[in-house]
Amino acid sequence: QRKEGPDTIHLSIAIQQRMGGWDMGIGIVAEDDNKQILAQWALKEATDGNKLRNQAVAVKLALCKAREKEWKKVEVKIKQKQLLKMIQTSNSKDMAMHSHLEDIRNLCSMFMECSFILSTNLTGERVDLVSMHVLSISFDEGWLHSQCQDALVKSIWAFAQQLYSFQHIN
């Protein structure tokens, strides 16, 4: 197993979807090796209802955001073992998924290092709460981790925790 350098950015991704809805909320959290949050994004995207393809779309968007930040080394945490295997082998019989896998491979070629691992995150972590927050907004949002934005992050974090608690009660 490869040791990550100090400049590797770890991307966590989560998706939420309303019942019967045709859009999904994508949460992306970028951390450094010390688990310091560097950025987080709340993105809204259309969905075709297929969970694996939705996750592949989210991976593509996470790689695009990392590229915009000009990060050189990224590690993407994948929640579905099946998708991780598809990304590693670039193999799918589904043409739409095959197209997503090709896009992911092309995006990866833009980094010095690009790797994928199986996520060990539990439900309810920050990335899940950011993805839930997306269902309450109209436009994409992004935050860089800085002191001037701490209040904004805390307020969204509090809202997401309330939403998460509400969904588990109902």
Side-chain angles (χ1 to χ4, degrees), residues 1-16 24-45 52 54-88 100-101 103-137 139-165 167-168:
Q1 191 169 35
R2 180 173 54 84
K3 171 116 173 80
E4 300 298 327
D7 51 352
T8 299
I9 306 303
H10 306 272
L11 300 171
S12 297
I13 303 166
I15 295 173
Q16 300 294 325
M24 62 180 163
I26 300 170
I28 303 167
V29 175
E31 297 175 313
D32 65 13
D33 290 331
N34 298 318
K35 305 256 184 239
Q36 173 74 32
I37 295 172
L38 303 174
Q40 48 190 12
W41 294 274
L43 308 173
K44 203 173 263 262
E45 188 68 32
L52 278 177
N54 288 346
Q55 189 71 24
V57 167
V59 168
K60 289 188 330 186
L61 291 172
L63 289 171
C64 287
K65 291 297 183 184
R67 189 66 193 125
E68 285 174 8
K69 292 288 174 205
E70 299 181 4
W71 292 326
K72 305 288 184 221
K73 299 178 183 179
V74 296
E75 175 187 79
V76 183
K77 297 177 182 179
I78 305 290
K79 287 190 175 188
Q80 291 94 355
K81 196 180 282 190
Q82 184 180 2
L83 179 61
L84 179 60
K85 185 176 180 180
M86 287 178 165
I87 290 171
Q88 291 170 336
H100 292 312
L101 295 172
D103 291 344
I104 290 169
R105 187 174 52 251
N106 289 336
L107 285 164
C108 275
S109 71
M110 297 180 189
F111 296 94
M112 283 176 49
E113 289 182 25
C114 180
S115 60
F116 300 89
I117 64 166
L118 192 61
S119 174
T120 57
N121 286 354
L122 302 173
T123 301
E125 298 222 357
R126 179 180 286 266
V127 68
D128 295 299
L129 300 173
V130 172
S131 68
M132 283 183 233
H133 167 69
V134 179
L135 299 178
S136 70
I137 61 175
F139 301 100
D140 292 350
E141 295 179 357
W143 308 274
L144 298 179
H145 190 70
S146 66
Q147 290 180 338
C148 66
Q149 292 180 332
D150 277 347
L152 175 64
V153 172
K154 285 177 185 173
S155 97
I156 289 170
W157 180 251
F159 171 80
Q161 286 176 318
Q162 289 172 353
L163 181 62
Y164 181 73
S165 296
Q167 287 184 345
H168 274 71

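Bear in mind that the values here come from a model prediction, so they are computed numbers and not experimental data.
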Margin query: Assess the residue pair L84 and Q88 against the criterion (side-chain contact (heavy atoms from CB on, under 4.5 Å)); give the C-alpha distance rounded to whole Å, side-chain angles, the decisive distance to 0.1 Å, and a yes or no.
Written below: CA-CA 6 Å; L84 179 60; Q88 291 170 336; 3.7 Å; yes
Checklist line | Residue pair D33, H10: steps toward the side-chain contact (heavy atoms from CB on, under 4.5 Å) verdict | finding: CA-CA 7 Å; D33 290 331; H10 306 272; 2.6 Å; yes
Note to self: Run the side-chain contact (heavy atoms from CB on, under 4.5 Å) test on K65 and L43 for me, step by step, so that the C-alpha distance in whole Å, both residues' side-chain angles and the decisive distance to 0.1 Å come before the verdict.
What the structure shows: CA-CA 11 Å; K65 291 297 183 184; L43 308 173; 4.0 Å; yes
Check: Passes side-chain contact (heavy atoms from CB on, under 4.5 Å), L101 versus M86? Steps please.
Finding: CA-CA 8 Å; L101 295 172; M86 287 178 165; 4.0 Å; yes
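Results of the side-chain contact (heavy atoms from CB on, under 4.5 Å) test with D7 over M112, K73, K72 single out K73 as the only residue that passes.
Distance check, rounded to the nearest 0.5 Å: NE2 of H100 to CG of N54 gives 8.0 Å. The OG atom of S119 sits 12.5 Å away from the NZ atom of K81 when rounded to the nearest 0.5 Å. Atom CG of L11 and atom CH2 of W71 lie 6.5 Å apart (nearest 0.5 Å). Taking OG1 from T120 and NZ from K77, the interatomic distance works out to 6.0 Å, rounded to the nearest 0.5 Å. Atoms CD and CD1, from Q55 and I26 in turn, are 8.5 Å apart once rounded to the nearest 0.5 Å. We find the CZ-CG distance between F116 and L83 to be 8.5 Å, quoted to the nearest 0.5 Å.
Scanning both residues, L63 and C114, for their nearest heavy atoms gives CD2-SG, 4.0 Å. Residues I78 and V59 approach most closely at CD1-CG2, 3.5 Å, considering heavy atoms. Considering every non-hydrogen atom in both A56 and I104, the closest pair reads O-CD1, 3.8 Å. Nearest approach of L38 to E31, heavy atoms of both residues: CD1-C, 4.2 Å.
With hydrogens and angles ignored, the 3.5 Å screen pairs a side-chain donor or acceptor of D32 with a backbone N or O of N34.
L52 has its side chain within reach of Q80: a pair of non-hydrogen atoms, C-beta onward, lies under 4.5 Å apart. Between W41 and L61, the closest side-chain pair of non-hydrogen atoms is not below 4.5 Å. Side-chain contact check for K79 versus I13: every heavy-atom pair is 4.5 Å or farther apart. The shortest distance between side-chain heavy atoms of V57 and M24 falls below 4.5 Å.
Evaluation of the side chain to side chain donor-acceptor pair (under 3.5 Å) rule for D103 yields K60 as partners, not counting sequence neighbours.
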